[in-house]
Amino acid sequence: MKEFKFLLAIWKANLQSVMEYRASFLLQVLGMMANNFIYFAIWIIFFNRFKEVRGWGIGDMYVTFGVLASAFGLVSLFFGNAFNLSDIISKGRLDYYLSMPRPVLLHTISSRMISSGMGDFTYGFISYALSGHFSPDGLARFILGTLLAATVFAAFLILVQSLAFWLGMMSNFTNLALNAMLSFGIYPITIFDNYAKFILFTIIPAAFMGAIPAEFVRSFSWQVLMELLIGAAVFLFMAVAVFRLGLKRYESGSAIQTEV
Amino acid sequence: MKSVSKYWAIFQTTLVNSLAYPGELIGRSLMIVPFMWIFYQLWNVTFNAAGTASINGLTLRDTMWYLMLAETIELSRSFVARTVSENVKDGSIAYMLNKPYSFILYQFSNSMGETVFRALMNAVFGSVVVWRLVGAPPGLSGWTLAFLAIIGSWILNFCTACLIGLAAFAVEDISAFVWIYQKFAFILGGLLIPLDFYPAWLQSIAKALPFSAMVYGPARLFVSPSLDLFANVIMMQAIWILILGLALATAYRRGVTSLTINGG
């Protein structure tokens with residue numbers, strides 16, 4: 001409860017900070033929504049021409065894209081520093097968070113809000129509404145699926161970026177991992193063979209961010225819900241464990257940093 | 001002649017600089033590998049489902065090599081929009097204005113220098129993957145014509161991206177414009193789906209816009225080279241370079257006129 005109040009206070013401060021430049025904030029939100037819409041048009045063209053890919057149609061794409069966009073947006077909004085954690089680690093900027101009486105990981109990743117995340121988050125709901133699968137209970141499942149997908153996504157980012165404790169500067173690798181996660185998550189899962197699907201549930205858990213929550217949104221199933229819950233719990237546990245393990249190796253150069 | 005050698009020297013310096021961190025260069029270029037693999041999965045299933053060896057004149061092999069070149073063009077683009085925008089926002093443009101070179105041509109030489117090896121590395125990694133998946137690349141004539149068209153594509157991209165960067169004179173953040181430009185290049189350039197698979201009405205619109213001359217033209221020339229197509233692509237590039245180049249010159253002149261510099 002104490003940590004939740006702390007998070008609320010940080011998010012409030014972050015929101016006030018990004019709202020300082022309202023025109024810029026609005027431009028980023030609307031720009032990201034337009035960006036997503038234009039990107040999705042490619043799938044509309046594809047499915048207009050080829051109708052379906054192994055039983056996967058445009059409606060499935062709307063839901064998958066919706067969950068993925070909202071989950072991405074949620075992490076960008078509330079845990080924006082998860083995207084550049086490796087940079088913070090390798091440049092010795094963890095010093096600031098270590099000197100504070102709060103959980104280091106939580107404090108670090110929640111200290112930045114990416115404005116465009118609001119555009120992604122909102123667009124995800126629009127995409128779901130347009131999917132043809134919309135229903136009130138489906139909306140509840142969409143929200144739950146998005147929360148669990150966001151958990152897996154944030155955990156994956158922390159896991160990958162925490163490798164900086166051992167490997168130092170690794171922005172290329174983290175970019176590669178991020179792009180792989182998003183690219184694999186957005187494509188119809190039916191195009192992948194069993195070997196590829198194994199990768200999508202383990203090394204690059206894109207299935208937990210796109211196809212599996214989308215399946216849960218379309219129709220309720222205890223089995224899929226359990227898969228999502230277990231996936232989120234396992235990846236979150238691994239992320240926290242790897243970060244803590246890495247933190248023991250952390251050294252800083254006592255550089256003077258200003259955290260705004 | 002002296003002014004050309006000045007920009008050639010800037011180009012060479014950036015070119016050499018881009019080789020200073022080979023790990024960075026290779027790491028960034030590896031991004032094409034998962035993309036090509038996913039494309040193969042998608043188009044392999046699609047061609048199988050269609051039950052045909054060729055869709056609108058393109059086989060699976062053609063499609064994959066087309067996508068390889070299209071991705072190479074996209075992934076090797078320089079970040080000139082952000083560079084120019086940063087120069088405008090942090091005021092460093094002021095230090096460049098009093099140098100004995102044109103700000104725009106300096107950025108152009110710089111951006112070309114950044115692009116060359118990035119494109120080369122992307123093409124190498126992309127080719128290795130695609131060759132392994134669908135077999136040998138198209139013949140040498142395709143390489144030659146596509147190479148010339150790629151140079152036009154880079155110039156065209158520079159004009160558009162620099163124009164977006166100069167928007168920083170008017171707005172605080174240009175990110176939204178960069179995203180939207182990139183997505184228009186995706187959809188109207190035929191980056192993820194060759195334009196040949198689009199409905200006829202959309203093909204007509206896309207082929208009249210600069211995005212297709214940036215991505216589709218060079219990539220299509222690569223897999224099915226012909227002098228007619230080459231002439232068409234080069235003509236489209238020339239027209240759009242002229243239009244966007246004039247717009248860029250005007251925007252720059254106006255921006256610099258309204259520039260206010262405080263302090264030193």
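A, B, ... follow the sequence lines: proteins, then strands. Residue 1 opens every chain.
- A/F37 does not touch chain B: none of its heavy atoms, backbone or side chain, sits under 4.5 Å away.
- Note on ring orientation: taking the six-membered ring where Trp is involved, the planes of B/W43 and A/F50 are perpendicular (angle over 60°, cut-offs 30° and 60°).
- Contact check for B/F35 versus A/N179: side-chain heavy atoms found under the 4.5 Å cut-off.
- Between atom OG of residue A/S24 and atom CD1 of residue B/I174 there is a gap of 11.0 Å, rounded to the nearest 0.5 Å.
- In this structure, the side chains of B/D173 and A/S115 stay at 4.5 Å or more apart for every pair of heavy atoms.
- The number of heavy atoms from other shown groups lying within 6.0 Å of OH (A/Y250) is above 12.
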Audit row: A/Y187, B/F39, side-chain contact (heavy atoms from CB on, under 4.5 Å) steps and yes/no | CA-CA 9 Å; A/Y187 278 76; B/F39 284 154; 3.2 Å; yes
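- Atom CD1 of A/I38 sits about 7.5 Å away from atom CD1 of B/I187, to the nearest 0.5 Å.
- Note that OG1 of B/T46 and CD of A/E52 are 11.0 Å apart. Values are rounded to the nearest 0.5 Å.
- Closest approach of A/A196 to B/W37, counting heavy atoms only: CB-CH2, 3.2 Å.
- For the pair B/V45/A/P188, no side-chain contact is recorded, criterion being any heavy-atom separation below 4.5 Å from C-beta on.
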Please walk me through it: do B/W179 and A/Q28 pass side-chain contact (heavy atoms from CB on, under 4.5 Å)?
-> CA-CA 10 Å; B/W179 301 327; A/Q28 291 217 26; 3.7 Å; yes
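- Shown here is B/Y21, whose OH atom has no more than 12 heavy atoms of other residues, nucleotides or ligands within 6.0 Å.
- With a threshold of 4.5 angstrom between heavy atoms, A/W43 approaches chain B through side-chain atoms but not through N, CA, C or O.
- With a threshold of 4.5 angstrom between heavy atoms, B/L202 approaches chain A through side-chain atoms but not through N, CA, C or O.
- Nearest heavy-atom pair, A/L27 versus B/A176, reported as atom, atom and distance to 0.1 Å: O-CB, 3.6 Å.
- In B/W131, the CH2 atom is not crowded: 12 or fewer heavy atoms of neighbouring residues, nucleotides or ligands sit closer than 6.0 Å.
- For chain A, the option among B/I193, B/I38, B/L30 with the highest count of heavy-atom pairs below 4.5 Å is B/I38.
- Here the CG atom belonging to B/L42 is positioned 4.5 Å from the CD1 atom belonging to A/I191, to the nearest 0.5 angstrom.
- In this structure, A/I189 CD1 and B/Q41 CD are separated by 11.5 Å, a value rounded to the nearest 0.5 Å.
- Judged by distance alone, the side chains of B/N56 and A/R49 do bring a donor and an acceptor atom under 3.5 Å apart.
- Counting heavy atoms from C-beta on, the side chains of B/K183 and A/N36 never come closer than 4.5 Å.
- Residues A/Y39 and B/L192 meet the side-chain proximity criterion, which asks for heavy atoms closer than 4.5 Å.
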